[in-house]
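Note that these values count all heavy atoms, side chains included, but never hydrogens, waters or copies made by symmetry. Note that this is a predicted model, so its numbers are computed, not measured.
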Amino acid sequence: MLHRFFDTIRGIHTTSTFDTYMNNLQRSGRTGMPRVDEARKDFRSFVKRDGWPLV
């Protein structure tokens, strides 16, 4: 029983804050979405500028 619990925990994939940001961008469905490298640059500048506590 305990091994099932640990297997379940190992199977949980945590997503990074960037992945969450990118998924939210894609989910919005707007045209003209940034490429991944552009989104990463935007995300980094946002984090540095605002000191986002989730990173």
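- A distance of 11.0 Å separates CG in L25 from CD in E38, rounded to the nearest 0.5 Å.
- Residues R40 and P34 fail the side-chain proximity criterion, which asks for heavy atoms closer than 4.5 Å.
- N23 is listed as a side-chain neighbour of Q26, based on a closest heavy-atom distance under 4.5 Å.
- Atom-to-atom distance recorded for K41:NZ and R35:CZ is 8.0 Å, nearest 0.5 angstrom.
- Among all heavy-atom pairs drawn from V36 and F18, the shortest one is O-CZ, 4.1 Å.
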